[in-house]
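Each remark here refers to the structure printed beneath this line.
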Amino acid sequence: MKILGLNKTTLLDYPGRVACTIFLGGCNFRCPFCHNKDIVLMSDAIDAYSQDEIFAFLRKRKEILTGVCITGGEPTINNDLPGFIADIKQLGYKIKLDTNGSSPAMLASLIDNKLIDCCAMDIKNAPEKYDTTVSFPALTDVKKSVELLLSQSCEEENGFSYEFRTTLVKELHDEADLLSICKWIAGANAYYLQPYVESPGVFQKEFHAHDMEALSYFEHLCQTYIPNTHLRGI
Ligand code: SF4
């Protein structure tokens, strides 16, 4: 794996925890609205961290941080991810994994072995539009990951929770798409809708966010199927 970023402190990435975020390079998807182009393409312009540097940091911050968010890129394309997470957990941290859901077998293994405490999985679009949106034959595996997460109990004593989330782009997502997504993930533990925000690192710059009225409408629409639906990042 290539560690291409470290956000040393975040109150946002891991709900309810003071955490750091580790960015792993590379991704199998090519979402045109992705804002982490350099991390996805593993640009030589980014200096990679060694694992020694990361673990030295995590040992030093043990009294301040309680969680580590692992994001990307797509972390699960790295076969050495489970071992990396196991070593972090040995230090006593809770782990949140951000994933595009393309590796259901690895996700199942991480959950079964209690290596992750929280998972945020992106839903990129309605099933009918999925592969086109991400420029990858993703839907079959993404559906397996959705089923896997829907089958998880998020009771306190289980020690695991998950959320689905969608970045909404005016040019890519309309009401029919949201309805299709909601029917697919109905009954989910939590669903977050995030408006697209343009940034310098985005793959394609021709996109826009929905206005607030549309976002609120989508939120209420989704709450019919997933009561715990909320807007985020507005
Ligand atoms: S948005 Fe996520 S899944 Fe899509 S290309 Fe970027 S890192 Fe990969």
Separation between CD (Gln51) and CD1 (Ile88), nearest 0.5 Å, reads 8.0 Å
In short, ring-ring contact (aromatic ring centres under 6.0 Å, His included) pairs touching residues 34-92 with sequence neighbours left out are Phe55-Phe84
Of all heavy-atom pairs linking Val68 and Ala19, the shortest is N-CB, 4.4 Å
Heavy atoms of Ser103 and Thr76 approach each other most closely as OG-OG1, 2.9 Å
Using distance alone, with no hydrogens and no angle criterion, decide if Glu74 and Ser102 have a side-chain donor and acceptor under 3.5 Å apart. no
| Do Phe164 and Trp184 have ring centroids that are under 6.0 Å from one another? | no
When you check the side-chain N and O atoms of Thr166 and Gln194, is any donor under 3.5 Å from an acceptor? no
*Without hydrogens or angle criteria, can the side chains of Tyr217 and Glu175 be said to hold a donor-acceptor pair below 3.5 Å?*
yes
ask   = How about Lys62 and Tyr93: do any of their side-chain heavy atoms sit closer than 4.5 Å?
value = yes
Closest non-hydrogen atoms of Pro200 and Lys205, given as atom of the first, atom of the second and distance, are O-NZ, 3.3 Å
### Query
Under 3.5 Å, is there a donor-acceptor pair between the Asp52 and Ser50 side chains?
no
Output for pair (Asn125 CG, Asp131 CG), nearest 0.5 Å, gives 10.5 Å
message: Counting C-beta onward and ignoring hydrogens, is there a side-chain heavy-atom pair between Tyr225 and Lys183 closer than 4.5 Å?
response: yes
The residue among Asn7, Asp13, Thr10 that forms side chain to side chain donor-acceptor pair (under 3.5 Å) with Thr21 is Asp13
